Amino acid sequence: MENNINQKFPLQEKLDISSPEKFIKNTDHFNSLMMRYRCAIREIRTKLEVLNDEFSIKYNRNPISSIKSRIKTPLSIYNKLQRLGYDFTEQNIEEQLNDVAGIRVICSFIDDIYIMAKLLADQDDITVLRIKDYIQNPKNNGYRSYHMIVEIPVFFAEGKTPMRAEIQIRTIAMDFWASLEHQLRYKKDLGSNEQYKMISRELYDCACTITAVDKQMQNIKNLIEEYSELTPR
């Protein structure tokens, strides 16, 4: 079997997932592509972990609470391409989708989000393609997070390949709200339109409460740092 990890499946050949059997027969190149996305995640995770360790040495605390990652499932990739009006080909996956590889960085404080985003963007081999700041400009439902689309070179035996990934950076409270909102939002049988609106208002109110807590915790942290600077040692 040819082991060229950069070989692409024919652009005119669409992967058929109408049945599991047909899809399995066409997964060799798809799996190779997904492997490259997994490697991109490892590269970015390593950078984040190094930055977090360095920060802890300099400032005696870790700005990152945790790092999560995922690769979109084949069905999710297929459905998104269909919604965008594209065929399920390797070229369209690479060129039209930016979030096949996803990394979520959970920070302790709001300021840490922007610190980590800048430290990551300052890396020589990372190219920031797009930024969406849903903290300064929240979504209508109250969602808050900092999104970056980045491109990073991944080195393989055949040479380096630039790979895209989406990085979401948010606080623990923002992540808590987003996770529960996603679970509740996609529950079936939410009832009438009026009930749906009522649930949406409740979720929005929760988002506002969580935002207020985040800001208060940030203020407390700032006060502690100011007090520490003023206190003789």
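Just so you know, these numbers come straight off a predicted model, no measurement behind them. Note that these values count all heavy atoms, side chains included, but never hydrogens, waters or copies made by symmetry.
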Just checking, Lys139 and Tyr143: is the charged tip under 6.0 Å from the six-membered ring centre and within 45° of the axis?
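Yes, a cation-pi geometry holds between Lys139 and Tyr143.
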Measuring only between side-chain heavy atoms, which start at C-beta, is [X] closer than 4.5 Å to [Y]?
X	Y	answer
Tyr146	Arg170	no
Phe109	Thr171	no
Phe55	Asn62	no
Ile106	Ile67	no
Arg61	Asp112	yes
Val154	Lys160	no
Glu166	Met148	no

Lys/Arg-Asp/Glu bridge criterion (N-O < 4.0 Å) met for [X], [Y]:
X	Y	value
Asp205	Arg201	no
Arg36	Glu94	yes
Glu54	Lys58	yes
Asp175	Lys68	yes
Lys221	Glu226	no

Test log, rule side-chain hydrogen bond (donor to acceptor under 3.5 Å, both in side chains), inputs Asn92 and Thr89:
CA-CA 5 Å; Asn92 286 338; Thr89 66; 3.3 Å; yes
So, does [X] use its side chain to make a donor-acceptor pair with the main chain of [Y] at under 3.5 Å?
X	Y	answer
Trp177	Leu203	yes
Gln218	Asp111	yes
Asp133	Ile135	yes
Arg144	Gly142	yes

Given Asp99, which of His147, Arg164, Lys80 fulfils the side chain to side chain donor-acceptor pair (under 3.5 Å) condition?
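Exactly one candidate clears the test, Lys80.
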